[in-house]
Amino acid sequence: MSKTDDTQTATTAGTGAGTDLSSIRVDDPIVEIRNASVTFDMERGESRVLDEVSLDIERDEILGIVGESGSGKSMFASALLDAIVNPGVLTGDVTYHPQGDAEVDVLGLSPEQLRELRWEEISMVFQGAQSSFNPTITIRAHFEETIEAHNYNMEQAMAHARELLSDLYMDPDRVLDSYPHELSGGMQQRTLIALSLVLEPNVLVMDEPTAALDLLMQRSILSLLEDLQEKYDLSIVFITHDLPLVAGLADRLAVMYAFEFVEIGPASDLIGNPTHPYTRALLKAVPNLDTPLSEMRPIDGMAPDPVDVPQGCSYHPRCPLADETCRAEDPTYHDVTSDHQSACFHWEDSAEAIPLSTDGEHGETQAFAGEQSDEPVVSLEDVDVHFDQVSDGGLLSVFQEPDTVHAVDDISLDVYENDVVTLVGESGCGKTTLGKAVIGAQRPTDGTVAYRGQDIWEAKDSRRETDIPYEHIRRSLQMIHQDPGSSLNPNRKVAASLKAPLKRWEPDMDPDDRQERILSLLEYVGMSPPGDYAQRYPHQLSGGEKQRVALIRALLMNPDVILADEAVSALDVSLRVEVMDLMLELQDLFDTSYVFISHNLSNARYFSGKAGGRIGVMYLGELVEIGPAEQIINDPQHPYTKVLRWSTADLDIEETVEDPPLRGIDIPDPVDPPSGCRFHTRCPEAREACTRAQPTLDGHDDGTEHRTACFREYDESHEYWESEPIVDDADDADVAVGGSDSDARTDE
Amino acid sequence: MINNYYIERTAQAVFTVFAVVTMTFGMIRLMPGGPVSYIRSQLVQQQGNQVDMEQVNALVEVYTNVAPDEPLYIQYIDYMAALLQGDLGVSMFYNDPVTEILASAAPWTVFVMSISLVLTFGLGITLGAVMAYIEGSRFDVSTTLVSIFLNSIPYYVMAIILVYVLGYQFNWFPTGGRISSDVATGMNLAFLQSAFYHAALPIASLVITGFGIQALAMRGNSIRVLGEDYIRVARLRGLPPHDIALRYVGRNAILPMYTGMMIAIGFMFGGSVILEEIFAYPGIGYYMFRGIMARDYPLMMGAFLIITIAVVVGIYVADLTYGKLDPRAGSGGGNREAY
């Protein structure tokens, strides 16, 4: 890592007095925002969700806007198009500068002028691609109606649409003829980007455009965005909660906290020398692959309520540097350099107070590594899980064989006591299915799943007594879900939800003991006063608190293994580290094992790494690499693991978003997986031999725990080394990538 | 396995009809005071006590297609065979083949019901959409109240009120019959006028009491759709408002009501029994009521069968066509949404 915090020399241009807006000016702004505020009248008072915000967007730049959920960043995006949803009221000035000296006062436009400005000049991409399309009309209709509504030449505009779709690595004909639900999430999002660019706007506002996608797809889209930006001279405003994600992409970054910008500056400056305490805290809180595990810290406290923003600097309740001035006065922008501003009185001291350790040394913390047993708790042997899928409706389908989805193919895996196994992979690779098979929630179509030597499904089906009764197994294998909100009954109080499992399994327990146990656990996970929390309903809890309750509920069973399916993905970035820490602490206390599922390698590394566990990498239903966490992260062997490693953005801004080290963006259809090594269709290292034979994890046993299913690990006598590399032309790349269907390759 | 969804669904429909027919057969045989004893008692009344049992059986066979002296399974096969040939027996009351009576009555019931259905849903959907667009306005609130009030009145109560006030008190509308007796049957203007004139009150009583629930359903659906992200995106894309109203809000809001509409067809046929009796409107329901009153079993069973089949076919068609209307249903992944 090159970024160091001894670059305190950056204080050169700092006059400290930059109060007016001159400090945030840029040379050639395409949009100027001045004192923009958005307010909602609420019963509790006026809710101010954008607070006197001023910012310039430079022509042809990519501006990254970063903030936690609820920091007002979506409001800012809507404000650019004067598209605040009723009953929100937008005040201030938004000025748009088309080419030349012309100025457009966006907030003063007539409805018809505004209609023309939107999409023709300033366009927008929303987070949920699926919900941004009308489900009952085709993609083609979406494009056509947009073109028609703006009186563009249909033929030219549709040709442009096709070009955009192929720029985004999709087959235009196939996409245009599809209904929205027929596309995968990544394809939907890319289609939405094409739709927003079809009228050739100058500014593209993207509101969390990749948040719902897995990391690999996010990074792939980002690298495409950079190409698009160059090709079509776009100015892009990229809004996200994920600082590392935009760090490499954006030219400038603006950090939002409590409805205003707290720090603005060139991306390299802001990452290399963050001066606002919040920016620094945010950088520390985000799990990434470079910061040593011991350095990651959650941000204490909560983001403020829009009705009741603290006096003075809105960050002072959470800031270690806060003093009387901070509590009394709202800080203005201080120049760190001529184009780097920080809204903090103590910006010069922040680096010292909140050090960001950036030494390359990975100080290992094995704090939670419990004693692991020799005998596995759960053991999977050659497990297959196949699903039958209906092909397209229609009378003819009656005579078709149902398609088989190979969700899990021939996987063997042992989970020990006090173990942590993290499964990573793209969406649709079978991680969840495998996880469910481990805890006996999904019956394998072939192979065996054994709990302490007892076949789980035999125990369930058998009428005779088995060594370990099924009820006992069921209790011992628990699960927490991704969305804590929907896994708790909304009509039951926390206490009632937590009592239910105890009543079921320990009916003899004294009610007072039960209550005592629940309260002490609530207290333990930091929900105090526990008596108060126990009487709440789920909707009165925050996301992190709900997940804690779900965790306690699973632990009350005293389970041996807990499946945590994307358990922290739905939480705010700053909370993830905290919840993962808690889970590991509880592991120590309860002697349990985790099977943790994540699409995010940083989370996986944090979770598995801290407990000395393993990471398993899945691709299309197969385990392609498994080994100790740090080895997988620092020394990935399988080309696919390397791709995942690439997709996990680190904070290195020197590195621009380069092209992905793989040959296709979309995952092949699991109904008809590729022959040989399943990754060969996307693998940059694939050779002809890979299309025929399938490498296995055990094919080249070198006695270590780190195993890889790739011919490149085999010794030199293997035919792989002799066979021809599979090459496709660089230009051909758009063609090679069809989509989620294997038959989607174009014949262009 | 839902691969054979269409076959499965068809088999289900056929089985339902088959089960109903079998039950009909069982009822004829088993009901106390069934047609056999009914015919015997008729003959006893006519001829005194020297009733020839064979004559009774022959008569029963003529009327009901079932020969009482045969073994049960033969009777059953005979009955089914006759049904498959479209022979529902002979009405004892009218002394005409049931098939003929019902065939002449059915178009009138279909006429009244289809117009009622179109009006109920047309009015309900339009009103509901308007209410959703101006949600919270005075119009919305008052229409909601009126809709709930009208919907809580049973249609037969409304029918009695209408026929009493408009028919008997004011003499504005006829109180019975399908057409005026002085109008010749045929596709001429006078005939159509007369037909509509006579059908007006039955239609009105169904529509007035039926549109409210549809309006409220449409209002709810539309408000839900109006809150969807794609509406916001469509507005930002600058689509003309009427396009958004029709293709975006309208279409997506109507989808969940489609199945309800098909099921309503069945309910309306069922409801025709009382309705047509009140208005003395000779349709299927009217004859069914007559059949019940006169203990005219073949007629009763025939009408019963027709109504059942109408319900089954309505739901069957709804199930099969839903996938065509909503591209998300019926394709791929077994994720058919259950509306």
Side-chain angles (χ1 to χ4, degrees), chain A residues 78 81-83 85 111-112 114-120 122-138 141-143 145-151 178-182 192 195-196 198-199 205 387-403 405, chain B residues 1-11 133-136 221 224-256 258 319-337 339:
Chain A
S78 300
L81 283 84
D82 190 13
V85 190
E112 179 56 25
L114 190 60
R115 195 180 78 83
E116 283 172 17
L117 174 94
R118 292 170 179 166
W119 236 258
E120 290 179 35
I122 305 180
S123 192
M124 190 157 175
V125 176
F126 292 89
Q127 173 175 1
Q130 167 94 65
S131 60
S132 296
F133 290 109
N134 181 348
T136 50
I137 63 177
T138 58
H142 282 92
F143 277 96
E145 64 188 7
T146 311
I147 295 164
E148 206 174 289
H150 291 267
N151 292 319
S178 301
Y179 283 100
H181 73 277
E182 292 168 347
L192 190 62
L195 180 61
S196 59
V198 68
L199 302 179
V205 183
F387 298 111
D388 287 331
Q389 176 186 325
V390 213
S391 54
D392 207 342
L395 281 172
L396 288 177
S397 64
V398 166
F399 305 105
Q400 282 172 6
E401 281 291 303
D403 294 327
V405 179
Chain B
M1 278 249 232
I2 36 178
N3 192 26
N4 298 348
Y5 178 68
Y6 287 80
I7 284 189
E8 199 179 287
R9 194 62 195 77
T10 309
Y133 258 87
I134 49 174
E135 187 196 350
N221 290 343
R224 180 180 53 77
V225 174
L226 278 169
E228 295 277 356
D229 283 347
Y230 55 81
I231 302 294
R232 183 158 179 240
V233 177
R235 285 189 180 136
L236 286 179
R237 276 193 283 147
L239 300 193
H242 64 264
D243 264 18
I244 297 180
L246 287 179
R247 286 166 52 125
Y248 279 68
V249 184
R251 178 151 181 197
N252 285 294
I254 288 174
L255 277 182
Y258 178 71
D319 271 2
L320 290 199
T321 49
Y322 192 81
K324 304 283 170 235
L325 290 182
D326 186 346
R328 283 166 300 179
S331 78
N335 53 356
R336 185 172 287 107
E337 280 175 60
Y339 281 115

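Labels below follow one simple rule: chain letters A, B, ... track the order of the sequence lines, proteins then strands, and each chain is numbered from 1. Model, not experiment: these values are computed from the prediction.
Under the salt bridge (charged side-chain N to carboxylate O under 4.0 Å, His left out) criterion, A:R115 pairs with A:E112, sequence neighbours left out. Checked against salt bridge (charged side-chain N to carboxylate O under 4.0 Å, His left out), B:R237 has the following partners two or more places apart in sequence or in another chain: A:E145. B:Y258 is linked by a side chain to side chain donor-acceptor pair (under 3.5 Å) to B:T321, counting only residues two or more places apart in sequence or in another chain.
The two atoms that bring A:A149 and B:G238 nearest to each other are CB-O, 3.4 Å, heavy atoms only. Of all heavy-atom pairs between A:S78 and B:R232, the closest is OG-NH2, 2.8 Å. Of all non-hydrogen atoms in B:L236 and A:W119, the two that sit nearest each other are O-CE3, 3.7 Å. Heavy atoms only, all atoms of each residue included: A:F133 and B:Y230 are closest at O-CD2, 3.3 Å.
In terms of non-hydrogen atom pairs under 4.5 Å with chain B, the most contact-rich of A:L81, A:T138, A:L195 is A:L195. Per-residue counts of heavy-atom pairs under 4.5 Å with chain B were compared for A:L192, A:L199, A:T146; the largest is that of A:T146.
In this structure, the side chains of A:F126 and B:D229 stay at 4.5 Å or more apart for every pair of heavy atoms. Side-chain contact between B:E228 and A:P135 is absent, with no heavy atoms from C-beta onward closer than 4.5 Å.
Along residues 241-248 of chain B, the residues that come nearer than 4.5 angstrom to chain A, judged on non-hydrogen atoms, are B:R247, B:Y248 in order of number.
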